[in-house]
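Here the structure comes first, spelled out in structure tokens, and everything after it is commentary.
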Protein chains: 2
Amino acid sequence: MSKKPLLKPTDSELEILQILWQSGPSTVKAVNEKLNEKKETGYTTTLKLLQIMFEKELVIRNEEERSHVYSAAIEEGDIQKALVDKLLESAFSGSAAKLVMQAIGNSQTSKEELEQIRAYLTEIEKGK
Amino acid sequence: MSKKPLLKPTDSELEILQILWQSGPSTVKAVNEKLNEKKETGYTTTLKLLQIMFEKELVIRNEEERSHVYSAAIEEGDIQKALVDKLLESAFSGSAAKLVMQAIGNSQTSKEELEQIRAYLTEIEKGK
DNA sequence: ACGGTTATACGAAAAGTTTCGTACAAAGAG
DNA sequence: CTCTTTGTACGAAACTTTTCGTATAACCGT
């Protein structure tokens, strides 16, 4: 363990990380295009965001080519964990059960997903 | 349906709502004291926050007494739903299963909670 | 009635986030 | 080589969120 990447992306930064996790290493142009599928965003806006994220060490970049290629510097799972923990703490008083019920209760979760969860549940309980 | 309360509390606002849900109607002083159990916060800071939240209709207040008494204007469950939906969308590509696994996988969820979740799962599946 | 204490109101600074204009450098076409 | 296109860098405006100082009013004890 040496560097400590900041584990606190803003909403915009998270959108970008999402794209990088999904698409893998990407140029600013590519990220911007993906971003524009969801909402209009100027090119330099995306660029600036990526530059800020680079400073914060949320992403790394390869500068060998003229068009820098950015990649996420942190694991998707790590961010997910951090966000779930934060939500758990800030809105569910730490009760995972309540959060889980909200998650599967509201959204129309598919039967497959429910089974997947059940299987995971069994696995977890086995280890207790 | 008449008024539409804003469903988008900031982090600080959420902390305060949390207190109001937990403690019920409270004065600024009471809220500030609770807040200070977690982190140092000036009295006028809390006051201002509550005033802003009042304008946004996140809370209501009774001004009959000199010390106004604030109450949450929205249901805890509504905010929870909104936050879970947002997290689901912004960090889990909409997959409730992934979110749930993160939630019960990381935090050391108690056996009781796991059973509670299993029961709820069964209930949901029955209705499918 | 007066002075101290306890409230609210409110403006505005401080800090954080998002957006974009402009400058400039590198690459490619004619 | 020069012009156009395609990139990066960066400052700064526009917003949003958080924090707090100061003004002022209401209440309380003596």
Side-chain angles (χ1 to χ4, degrees), chain A residues 5-20 25-71 79 82-83 86-87 90-91, chain B residues 5-20 25-71 79 82-83 86-87 90-91:
Chain A
L6 276 191
L7 222 51
K8 197 192 57 193
T10 66
D11 285 353
S12 298
E13 287 170 349
L14 186 55
E15 284 180 326
I16 287 181
L17 284 173
Q18 196 85 148
I19 289 171
L20 292 177
S26 311
T27 61
V28 176
K29 190 181 172 199
V31 170
N32 186 242
E33 271 160 12
K34 283 268 181 188
L35 223 41
N36 271 278
E37 286 170 14
K38 287 240 159 187
K39 65 169 186 182
E40 171 147 355
T41 312
Y43 177 88
T44 56
T45 300
T46 303
L47 171 64
K48 181 68 167 185
L49 241 334
L50 280 164
Q51 287 170 341
I52 290 171
M53 291 169 77
F54 178 66
E55 277 168 25
K56 289 191 191 175
E57 299 186 69
L58 285 173
V59 298
I60 55 177
R61 71 181 174 194
N62 182 331
E63 307 181 9
E64 279 168 24
E65 297 298 315
R66 184 156 89 99
S67 300
H68 300 173
V69 175
Y70 288 83
S71 316
I79 291 288
L83 292 174
K86 188 185 155 204
L87 183 62
S90 71
Chain B
L6 276 191
L7 222 50
K8 198 191 54 190
T10 67
D11 285 352
S12 298
E13 288 169 350
L14 186 54
E15 284 179 326
I16 287 181
L17 284 174
Q18 196 84 153
I19 288 171
L20 292 177
S26 311
T27 61
V28 177
K29 189 181 174 200
V31 170
N32 185 243
E33 273 161 10
K34 282 268 182 187
L35 222 41
N36 272 278
E37 287 171 13
K38 287 242 161 187
K39 63 168 188 182
E40 171 147 355
T41 312
Y43 177 88
T44 56
T45 300
T46 302
L47 170 64
K48 181 67 167 187
L49 241 332
L50 279 164
Q51 286 170 342
I52 290 171
M53 291 169 77
F54 178 66
E55 276 168 25
K56 289 191 189 174
E57 299 186 69
L58 285 173
V59 298
I60 56 178
R61 70 181 175 195
N62 181 331
E63 308 181 8
E64 279 168 23
E65 298 298 315
R66 183 157 90 98
S67 300
H68 300 173
V69 175
Y70 288 82
S71 317
I79 292 287
L83 292 174
K86 188 185 156 203
L87 183 63
S90 70

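Residue numbers begin at 1 in each chain, while the letters A, B, ... track the order of the sequences.
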Separation of [N] [atom2] from [X] [atom1] (nearest whole Å):
| X | N | atom1 | atom2 | value |
| --- | --- | --- | --- | --- |
| A/Leu49 | C/dT19 | CG | C1' | 9 Å |
| A/Glu55 | C/dT18 | CD | P | 15 Å |
| A/Glu63 | D/dA9 | CD | C1' | 12 Å |
| B/Lys56 | D/dT17 | NZ | C1' | 8 Å |
| B/Leu58 | D/dT16 | CG | C1' | 15 Å |
| A/Asp11 | D/dT16 | CG | P | 14 Å |
| A/Gln51 | C/dT17 | CD | C1' | 16 Å |
| A/Tyr70 | D/dG7 | OH | P | 13 Å |

Exercise for the section: Scan residues 25-38 of chain A for pairs that pass salt bridge (Lys or Arg N to Asp or Glu O under 4.0 Å), counting only residues two or more places apart or in two chains. Expected result: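 Listed by first then second residue: A/Lys38-B/Glu89.
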Handout entry: B/Thr44 (side chain) donor-acceptor with B/Gly42 (main chain) under 3.5 angstrom
Key = no
Exercise for the section: Measure from the side-chain N and O atoms of A/Asn62 to the backbone N and O of A/Val69, and report whether any donor-acceptor pair falls under 3.5 Å. Expected result: no
Exercise for the section: Identify, residue by residue, the members of residues 26-44 of chain A with a heavy atom below 4.0 Å from DNA chain D, and return them in order of residue number, or none. Expected result: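 Within this stretch, A/Val28, A/Lys29, A/Tyr43, A/Thr44 sit under 4.0 Å of the strand.
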Exercise for the section: Record whether the side chain of A/Arg66 comes under 3.5 Å of the base of D/dT6 through a donor-acceptor pair of N or O atoms. Expected result: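 Checked by distance alone, the answer is yes.
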In the structure I gave you, are the side-chain heavy atoms of [X] and [Y] within less than 4.5 Å of one another anywhere?
| X | Y | answer |
| --- | --- | --- |
| B/Tyr70 | B/Ile60 | no |
| A/Val31 | A/Leu47 | no |
| B/Gln51 | B/His68 | no |
| B/Thr45 | B/Glu40 | no |
| B/Asn36 | B/Asn32 | yes |

Practice task
Please tell me which of the listed nucleotides, C/dT8, C/dT18, D/dA9, lies nearest to the side chain of A/Leu47?
Solution key: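 Out of C/dT8, C/dT18, D/dA9, the nucleotide with an atom closest to A/Leu47's side chain is D/dA9.
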Exercise for the section: Determine whether more than 12 heavy atoms belonging to other residues, nucleotides or ligands lie under 6.0 Å from atom CD of B/Glu63. Expected result: yes
Practice task
Heavy atoms under 4.0 Å is the rule here; annotate nucleotides 11-16 of chain C 5' to 3' with B where the base is hit, S where only the sugar-phosphate is, and - elsewhere.
Solution key: BB----
Practice task
Answer with base, sugar-phosphate or nothing: what part of the nucleic acid does A/Ser12 contact at a heavy-atom distance below 4.0 Å?
Solution key: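 Sugar-phosphate, no base atom in range.
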